[in-house]
Amino acid sequence: QVQLVESGGGLVQAGGSLRLSCAPSGRTFSSYAMGWFRQAPGKEREFVAAISWAGGETRYADSLKGRLTISRGNAKNTVYLQMNSLKPEDTAVYYCAAGPVPRTDPLRYDYWGQGTQVTVSS
């Protein structure tokens, strides 16, 4: 079964940092664009960041620019999301996804992980 597995979530104080990871299970995603999305309780899933398969193109949600860095590992198969200066409103379940191109629309992604909880306390 093809899966994407997120890790690195947890509880952090406001102003802190977290590094989320997304690794595949069951197949390689080195030729796929990867994206991060998040969903807070009672809200729709929203785009966070995306990166092309080679890592040369990145996209960020305008509201989060400057606090995030998306990157790929050397083998291009693992994707990371470095989040700094975290705020309570960043609290959400964070999902990684794989698709053909790095877009902001979740419908453009074919594979999804189960998500990792990020909770930022004030």
Report summary line: Closest non-hydrogen contact found for Ala23 with Thr78 is CB-OG1, 4.1 Å

Query raised in the report: In Å and rounded to the nearest 0.5 Å, what is the OG1 to CG distance from Thr58 to Leu68?
Result: 11.0 Å

Report task. Please check if the side chain of Glu57 supplies one atom and the backbone of Ser52 the other of a donor-acceptor pair under 3.5 Å. Result -> no

Query raised in the report: Step by step, would you call Thr91 with Gln117 a side-chain contact (heavy atoms from CB on, under 4.5 Å)?
Result: CA-CA 8 Å; Thr91 295; Gln117 176 70 47; 4.0 Å; yes

Query - Arg38: which of Thr116, Val48, Val93 passes side chain to side chain contact (heavy atoms under 4.5 Å, CB included) - result: Val48

Query raised in the report: Are Val5 and Leu81 connected in the hydrophobic side-chain network, where two residues link if heavy atoms are under 4.5 Å apart?
Result: no

**Report entry** Inter-residue atom distance Ile70.CD1 - Gln82.CD, 0.5 Å rounding
**Finding:** 12.0 Å

Report task. Identify whether NZ of Lys or CZ of Arg in Arg45 sits under 6.0 Å from the centre of the six-membered ring of Tyr95 and within 45° of that ring's axis. Result -> yes

Report summary line: To the nearest 0.5 Å, atom CZ of Arg19 lies from atom CE of Met83 at 12.0 Å

**Report entry** Point-to-point distance, once rounded to the nearest 0.5 Å, from OG of Ser121 to CG of Leu86
**Finding:** 10.0 Å

Requested in this report: Taking all non-hydrogen atoms of both residues into account, name the closest pair between Ala49 and Tyr60 and its distance.
Outcome: CB-CD2, 3.7 Å

Query raised in the report: With no hydrogens and no angle check, is any side-chain donor or acceptor of Tyr32 less than 3.5 Å from a backbone partner on Ala97?
Result: no

Query - Asn77 versus Ser30, side-chain donor and acceptor atoms under 3.5 Å - result: no

**Report entry** Check against side-chain contact (heavy atoms from CB on, under 4.5 Å), Val120 and Leu18
**Finding:** CA-CA 10 Å; Val120 184; Leu18 282 175; 6.0 Å; no

Report task. Kindly give the heavy-atom pair with the smallest separation between Trp36 and Ser21, and that separation in Å. Result -> CH2-O, 3.6 Å

Query raised in the report: Distance-only, no hydrogens or angles: does the Glu6 side chain make a donor-acceptor pair with backbone N or O of Gly115 under 3.5 Å?
Result: yes

Requested in this report: Decide if atom CZ of Arg108 counts as having more than 12 heavy atoms of other residues, nucleotides or ligands within a radius under 6.0 Å.
Outcome: no

Query raised in the report: Cluster question for you: counting only ILVMFWY and a side-chain heavy-atom cut-off of under 4.5 Å, with indirect links fine, are Trp53 and Tyr111 together?
Result: no

Query raised in the report: So if you build clusters from Ile, Leu, Val, Met, Phe, Trp, Tyr with side-chain heavy-atom gaps below 4.5 Å, do Tyr80 and Met34 land together?
Result: no

Report task. Please work out which of the three classes, parallel, tilted or perpendicular, describes the rings of Tyr109 and Phe37, given edges at 30° and 60°. Result -> perpendicular

Requested in this report: Using the side-chain contact (heavy atoms from CB on, under 4.5 Å) rule, take Val79 and Leu4 through it: C-alpha gap first, then chi angles, then the decisive distance, then the call.
Outcome: CA-CA 10 Å; Val79 178; Leu4 291 168; over 6 Å; no

Query raised in the report: Atom OG of Ser122 and atom NZ of Lys87: how far apart are they, to the nearest 0.5 Å?
Result: 14.0 Å

Report task. Given side-chain contact (heavy atoms from CB on, under 4.5 Å), test Ile51 with Arg72 step by step and report yes or no. Result -> CA-CA 8 Å; Ile51 188 167; Arg72 302 190 79 126; 3.6 Å; yes

Requested in this report: Could you please spell out the steps behind the salt bridge (Lys or Arg N to Asp or Glu O under 4.0 Å) verdict for Lys65 and Asp62?
Outcome: CA-CA 5 Å; Lys65 277 182 181 177; Asp62 289 340; 3.5 Å; yes

**Report entry** Heavy-atom closest pair, residues Pro102 and Ala33
**Finding:** N-CB, 3.3 Å

